[in-house]
Amino acid sequence: MNNTLASKIREVIAGHFGVDPERLTDEARLRDDLGADWLDRLELVMAVEDQVAGFEIADIVVDQIDTVGDLMRAIESAEKGEADRLRFGGMAHR
């Protein structure tokens, strides 16, 4: 993933949760650090999909996204055309 796209995604996440983008390390946990429940994560993914053209993450995968890094990897996988793995196989690193 290029730095411009990563920065844009971090800005969307920061705007969604009202935090400083610099606070958003790959290890930042959506639930524990940002207070996101499942619906917040789903809305976040939808916001990212609206802002970044060319990918879609299935709702079931949203449940597997626990950190900012998980979201970045899901987007990177979608960019590489691994949508079927995202939809049916889940996050590979877990």
Side-chain angles (χ1 to χ4, degrees):
M1 175 180 308
N2 67 50
N3 288 336
T4 303
L5 179 57
S7 293
K8 184 173 186 173
I9 293 166
R10 287 184 194 284
E11 287 176 18
V12 172
I13 296 168
H16 189 78
F17 292 108
V19 298
D20 182 349
E22 297 297 316
R23 179 179 168 203
L24 298 174
T25 66
D26 282 353
E27 294 78 27
R29 296 198 167 278
L30 297 177
R31 182 182 359 209
D32 297 336
D33 298 329
L34 300 174
D37 61 16
W38 186 86
L39 183 57
D40 291 325
R41 288 182 285 169
L42 179 61
E43 290 172 345
L44 172 62
V45 168
M46 290 171 29
V48 172
E49 288 174 344
D50 287 345
Q51 295 295 316
V52 182
F55 82 96
E56 181 180 324
I57 298 174
D59 293 350
I60 195 161
V61 175
V62 172
D63 195 38
Q64 298 174 16
I65 297 174
D66 293 323
T67 66
V68 170
D70 289 343
L71 180 56
M72 296 293 197
R73 284 184 287 278
I75 293 167
E76 187 172 33
S77 293
E79 276 189 317
K80 292 179 181 176
E82 299 175 10
D84 288 338
R85 184 183 63 76
L86 283 174
R87 286 190 181 103
F88 303 111
M91 303 296 291
H93 77 283
R94 292 176 55 92

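- Minimum interatomic distance between Q51 and K8 (heavy atoms only, all atoms of both residues): O-NZ, 2.9 Å.
- Of the listed residues (D37, D40, L44), just one forms a side chain to side chain contact (heavy atoms under 4.5 Å, CB included) with L30, and that residue is L44.
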What's the verdict on salt bridge (Lys or Arg N to Asp or Glu O under 4.0 Å) for R10 and D20, showing C-alpha distance, side-chain angles and the deciding distance? CA-CA 9 Å; R10 287 184 194 284; D20 182 349; over 6 Å; no
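- Between the CD1 atom of I57 and the CD1 atom of I75 there is a distance of 5.5 Å, given to the nearest 0.5 Å.
- Interatomic distance, CD of Q64 versus CZ of R41, reported as 10.0 Å (0.5 Å rounding).
- Under the side chain to side chain contact (heavy atoms under 4.5 Å, CB included) rule, V68 has a single partner from D33, L24, T25, I9, which is L24.
- With rounding to the nearest 0.5 Å, the separation of CD in E27 from CG in D70 is 10.5 Å.
- Residues L34 and R23 have side chains in contact (heavy-atom distance under 4.5 Å, counting atoms from C-beta outward).
- With values rounded to the nearest 0.5 angstrom, M46 atom CE is found 8.5 Å from L39 atom CG.
- Side chains of R73 and T67 form a contact here, defined as non-hydrogen atoms less than 4.5 Å apart.
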